[in-house]
Amino acid sequence: MCGIFGCLCEGAPKVLLEGLKRLEYRGYDSVGIALINGDELFVEKNKGKIDEFILGLDEARLKGEIGVGHTRWATHGAPSKENAHPHLDCSKRIAVVHNGVLENFLQIKEELLKKGHIFSSRTDSEVIPHLVEEYLNEGLTLKEALVKSMERVKGSAAIAMISTVEPERIYCYRRESPLIVGISERGVFCASDIPAIMPYTRRVMVVPDDRLVVLERGSIQIEDLRGVMYKTEFTEVTWDLELAEKGGYPHFMIKEIFEQPRAIRDTLKIPTIFLDKAARLLTGRIYLTGSGTSYHACLSTSYTASDLVGIEMRPMISSEFADALLSLESSTVIAVSQSGETADTLNAVKHAKSKGAKILGITNTLGSSITTLSDAYICTQSGPEIGVAATKTFLTQLVALDLLLLRLGLISGRLSESAHRSITHELEALPGMVEQILRRADKIRDLALKYSKKENAFFLGRGANVATALEGALKLKEISYIHAEGYPAGESKHGPISLIEPNFLCVFIAPRDRTRERIIGNIMEMKARGAEVFSVITEGDDELKEISDEYFEVPRANEILYPIICTVPLQLLAYYAATFRGFDPDRPRNLAKSVTVL
Ligand code: M6R
């Protein structure tokens, strides 16, 4: 995933760099900008993070009122100055930034090479400016050349293009990859997401798929590739920019962990009308699919669905979905994705649709591809999540899915009115419980100091807590680089236990639920082999305090809420361990906020 930004306004160089900084979470291995000043195209790009890039810029050369910029997460071609965007044509009149993956670029590149074009990068994206140049040389206008180029390339693309041929315009195009535009008295803007342009305007529009956009001073036009105009309907963003900024916290991740009570409160307010529409879609066989953390929400929910409403829902990792040869006719697929742009999940959705399944999307990103592909969708109310590690969006996915199950239970008659009322009441207590846990974050920080010196850890649980264990392990490994594995506790004795040696860290998810007695057995097995045991337990559980080397207490709750509240100390553990080890938790190596490649 990469971030693109474009602006036509006073002070464009500064706006461009600020916008790119807000998009850095989308990719941070290289960065670049292009500005038009008079009839000159100024381009600067490099490998590395944006702060280093800014330090190396010659301010005197940053001029002009129109520009585009890019933050990169490498797919085709290693992170390097040459592979950084913007990419230019041979005559250096056209600058293009691109987010997406072009499937047929090799074929196009070969054709263009034969025609004498000279390429300077190994990226797929560089074919775009050369293709536009080729069509310009054939006598087409810049717009016609772009349209023809977009018809030629296959794959996903959100692009922004400027050119000295028409120095007063930014041309954009969107296919699959996200693109939004915004307008205000200050100017016109385009970007990969809303927070990037929020300091300059709150009047935004999500560009529909397969549309060309022309940004000029004071106007934004949207049309399809045949030139048919599309009505521009701007909406006013009501949430606060603060949600997308660090607000005094050292990292986005810790800020987002501490935002969880608010995010849950807002998600609990999802109107019943949306939940009912979604619940009514759930007929036939039901599958849940997602990737990474979102898959863990699917796994957890599959247990809750059987428990709460007696309905079987099969969880599937999205990248495995198509290969599982599932019976999809007359089925429903619940696709869970924070970004709504994860390629594996979109692929699973497209496969399911082609086989006749209905799709219910659960996402945090309005206007994302998943919302356009779904028959109905529910938007979690986390607000933008910038840290690469998913935290608040995981908790709100679980809350939204619980709300959905409650409505499904009521509509299908599997849940009585009074059971519905009482569980709803418990859900409403969740923000307070999470607040209570966060007030004791210091205890986890102290433990993290000790555990940050470990090289390995097991996270073990049973039932829905297996999903919590997997999530705890994923969080720890992805940002602290400690090797961590999540496992069903009962399964650990069938092989993994052989890894246990004195002081091997075992984190047990051991709340007071139906799994507790058997988890105690698993703890004893690990302790007998010298493991160092840290347990997440229900407050006041003296027996578990006694047998664990360390413990963290969560409030007593209904069983279905434990996957939500037991996750919070594990998020904190991962965060503090990463910082003690000297790593930036917001920007783990090799990762990007959303993974848009298969
Ligand atoms: O945007 P999505 O929820 O579809 O993303 C799926 C995964 O890539 C994501 O959850 C990933 O595992 C997180 N970085 C984990 O913290």
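FYI, the numbering just counts along the sequence from 1. Model, not experiment: these values are computed from the prediction. Order of listing sets the numbers, starting from 1, for every ligand and every atom in it.
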Begin with the C-alpha distance, continue with both residues' side-chain angles, and end with the deciding distance and a verdict on side-chain contact (heavy atoms from CB on, under 4.5 Å) for Glu256 and Lys392.
CA-CA 6 Å; Glu256 287 159 0; Lys392 59 177 178 171; 3.8 Å; yes
Can you pull the residues with any heavy atom under 4.0 Å from ligand 1?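 For ligand 1, the residues that come within the 4.0 Å heavy-atom cutoff are Ser291, Gly292, Thr293, Ser294, Ser337, Gln338, Ser339, Thr342, Val388, Ala389, Ala390, Leu474, Lys475, Glu478.
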Compute the centroid of each ring, for Tyr487 and then for Phe459, and state whether the two points are separated by less than 6.0 Å.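 Tyr487 vs Phe459: aromatic centres not under 6.0 Å.
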Centroid-centroid under 6.0 Å between Tyr551 and Phe534 rings:
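No, the ring of Tyr551 stays outside the 6.0 Å limit from the ring of Phe534, centre to centre.
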*Would you kindly check if the NZ (Lys) or CZ (Arg) of Arg581 is within the cone defined by 45 degrees around the ring axis of Tyr481 and under 6.0 Å from the six-membered ring centre?*
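No - Arg581 does not lie over the ring of Tyr481 by the 6.0 Å and 45° rule.
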- Decide yes or no on side-chain contact (heavy atoms from CB on, under 4.5 Å) for Cys172 and Leu179, but give the supporting numbers first. CA-CA 9 Å; Cys172 298; Leu179 181 69; 3.8 Å; yes
- request: Please name the residue in the list Val399, Asp513, Leu430, Ile423 that meets the side-chain contact (heavy atoms from CB on, under 4.5 Å) test with Leu561.
  value: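 Looking at Val399, Asp513, Leu430, Ile423, the match for Leu561 under the side-chain contact (heavy atoms from CB on, under 4.5 Å) is Leu430.
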